[in-house]
Asker: 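Following this message is one structure expressed as structure tokens.
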Amino acid sequence: MAAEPKAAAEDAKNDLFEDDDEFEEFEINEEWDAQEEVTEAPQQWEDDWDDDDVSDDFSLQLRRELENAAKS
Amino acid sequence: MAYPSMGEAHRRVTDYLGRFSDAVSTQDVASLKPLLSLSSASPSLLSLADALNLLQDAIRLIKQSEKWSQLAEIVAPLFRCLQSYRLSNLADAYPAYEKAANAFIQEFRNWDSAWALEALYVIAYEIRVLAERADRELSANGKLPEKLKAAGSFLMKVFGVLAGKGPKRVGALYMTCQLFKIYFKLGTVHLCRSVIRSIETARIFDFEEFPQRDKVTYMYYTGRLEVYNENFTAAEQKLSYALAHCNPHSEANIRMILKYLIPVKLSIGILPKDWLLEKYNLVEYRNIVLALKRGDLRLLRSALEEHEDRFLRSGVYLVLEKLELQVYQRLLKKIYIIQKQKDPSKAHQMKLEVIIKALKWLEIDMDLDEVECIVAILIHKNLVKGYFAHKSKVVVLSKQDPFPKLTGRPVNA
């Protein structure tokens with residue numbers, strides 16, 4: 001029984017210090033050339049992935065599965 | 001802790017007082033900052049603390065001396081703070097520092113120019129980290145941790161001092177960001193609202209005038225709030241701003257921005273390139289991206305389960321779970337394409353039985369009713385264009401664009 005309140009307190013203590021993702025402080029007067037990096041950087045995102053290509057492994061397996069199912 | 005001689009102790013104290021006084025009278029903020037920076041634990045501050053602990057009556061001496069009386073209100077509590085700090089008594093160090101900070105603010109208000117703004121930033125930072133450490137100490141001793149909450153109140157007051165016309169107002173965003181860090185740490189994020197409202201609606205503030213580093217931090221935290229509130233369009237705008245304007249060398253910060261931006265992008269149908277996940281060590285998203293590309297519902301579920309704790313902690317679990325609908329869409333689209341290749345005339349009619357078989361292959365057992373329900377939801381949310389031929393248990397797909405792309409908008413609520 002004595003162990004319980006202590007465990008609860010541990011939890012409360014951990015809850016207190018939430019936020020694993022606290023932003024690191026920038027230096028005062030820290031400046032950088034963000035623009036430069038952006039134009040040289042390779043593309044970060046793709047929005048044309050939703051194509052009609054069904055030649056990948058997953059799609060081939062799916063096709064086989066549907067054919068087998070159709071037969072049974 | 002090697003204590004100095006009395007004479008040496010005296011010298012250290014008067015040296016500090018002289019430097020403080022000179023910095024103020026010549027408006028030299030670069031010299032003032034290190035005198036306030038407790039957390040730097042600089043050798044000179046530590047040795048000053050030793051001197052104070054030895055002298056014990058330094059404070060009385062300051063107050064009595066004409067020379068230092070002007071600064072006494074600031075320096076006396078600061079000395080008390082240093083003494084407590086040196087003796088590892090943080091619960092006492094915090095209130096003393098706050099008292100010193102408060103006295104500093106009173107002087108700050110009287111200075112017309114913003115020459116001391118950087119010193120104020122140091123004070124704000126010290127208030128926050130000292131309060132955090134004090135609370136850890138209090139908790140460890142079984143006492144109630146209330147210093148960080150007090151720090152929040154204090155910084156709100158400082159914000160108020162800066163929220164006026166004049167050059168000091170550019171400091172308001174730094175204060176805001178310190179407040180965000182406190183509120184997020186305490187889990188009282190609802191308190192962010194009032195300061196956000198001030199920044200975004202008060203006439204005196206022009207967001208573009210604030211320093212870049214503060215704008216990035218601000219957009220990161222307000223972006224996270226938008227994620228919590230499921231405003232994905234706003235979340236994307238803010239987090240993208242933070243990403244685009246963040247110091248490219250701040251890898252830790254970039255990683256944090258991406259950690260929240262990626263789920264948002266996924267929910268509007270945009271995928272991160274794998275090199276991005278690799279570079280910033282966010283590989284927990286890899287299988288989720290793959291699941292979306294494939295239409296592999298089993299993979300999505302296993303990826304969610306594998307990293308459940310991590311996603312729950314950062315609060316993005318629900319955002320990712322909702323991706324199920326997009327994965328269903330992709331799966332159905334693949335079935336449609338496969339059928340179309342086999343028999344183009346019949347492709348727009350998809351039997352529910354076929355969907356059930358595909359799901360069974362993915363080790364997901366669903367009956368007719370359940371699949372019908374999912375398809376109904378997909379149609380309702382415009383992820384599928386078509387209608388049910390209920391009796392024949394067939395989905396009749398629109399001949400044109402039966403699987404509309406999200407193209408950067410979130411799935412209909």
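Below, chains carry the letters A, B, ... as their sequence lines are ordered, and counting in each starts from 1. If you're wondering where the values come from, they're calculated on a predicted model, not measured in any experiment.
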Asker: So what's closer than 4.5 Å to chain A heavy atoms on B:Gln178: side chain, backbone, both or neither?
Answerer: side chain

Asker: If you count heavy-atom pairs within less than 4.5 Å of chain A, which of B:Tyr121, B:Tyr221, B:Phe403 leads?
Answerer: B:Tyr221

Asker: Counting only non-hydrogen atoms closer than 4.5 Å, does B:Gln341 touch chain A with its backbone (N, CA, C, O), its side chain (CB onward), both, or neither?
Answerer: side chain

Asker: Between the side chains of A:Asp52 and B:Arg330, is the shortest nitrogen-to-carboxylate-oxygen separation below 4.0 Å, so that they form an ion pair?
Answerer: no

Asker: Can you tell which part of B:Lys342 gets under 4.5 Å to a heavy atom of chain A, answering side chain, backbone, both or neither?
Answerer: side chain

Asker: Using the salt bridge (Lys or Arg N to Asp or Glu O under 4.0 Å) rule, collect all pairs that involve residues 246-270 of chain B, keeping only residues at least two apart or in two chains.
Answerer: A:Asp21-B:Lys259, B:Glu236-B:Lys265

Asker: Does B:Lys334 come within less than 4.0 Å of A:Asp56, counting only side-chain N to carboxylate O?
Answerer: yes

Asker: Taking side chain as everything from C-beta outward and backbone as N, CA, C, O, which of these in A:Asp53 sits under 4.5 Å from a heavy atom of chain B? Side chain, backbone, both or neither.
Answerer: backbone

Asker: At a heavy-atom separation under 4.5 Å, does A:Glu46 approach chain B through its side chain, its backbone, both, or neither?
Answerer: both

Asker: Need one label for A:Leu66: side chain, backbone, both or neither, based on atoms under 4.5 Å from any heavy atom in chain B.
Answerer: side chain

Asker: So what's closer than 4.5 Å to chain B heavy atoms on A:Glu27: side chain, backbone, both or neither?
Answerer: backbone

Asker: Is B:Ile268 close to chain A through its backbone or its side chain, or both, or neither, when contacts mean heavy atoms under 4.5 Å?
Answerer: neither

Asker: Please state whether the side chain, the backbone, both or neither of B:Leu276 comes within less than 4.5 Å of a heavy atom of chain A.
Answerer: side chain

Asker: Residues two or more places apart in sequence or in another chain: which of them pass side-chain contact (heavy atoms from CB on, under 4.5 Å) with B:Val29?
Answerer: B:Lys33, B:Trp115, B:Glu118, B:Ala119

Asker: State, yes or no, whether a side-chain contact exists between B:Trp361 and A:Asn68 at a heavy-atom distance under 4.5 Å.
Answerer: no

Asker: Spell out, as yes or no, whether a donor-acceptor pair under 3.5 Å connects the side chain of B:Lys181 to the backbone of A:Phe23.
Answerer: yes

Asker: Where on B:Ser250 is there a heavy atom nearer than 4.5 Å to chain A: the side chain, the backbone, both, or neither?
Answerer: side chain

Asker: Using only atom types and a distance under 3.5 Å, with no angle test, would you say the side chain of A:Asp47 pairs donor to acceptor with the backbone of B:Ile270?
Answerer: no

Asker: Given heavy-atom pairs under 4.5 angstrom as the criterion, report whether the side chain, backbone, both or neither of B:Tyr260 touches chain A.
Answerer: side chain

Asker: Which heavy atom of A:Phe58 sits nearest a heavy atom of B:Arg294, and at what distance?
Answerer: CE2-O, 3.2 Å

Asker: Measure B:Lys333 against the heavy atoms of chain A and call it side chain, backbone, both or neither at under 4.5 Å.
Answerer: side chain

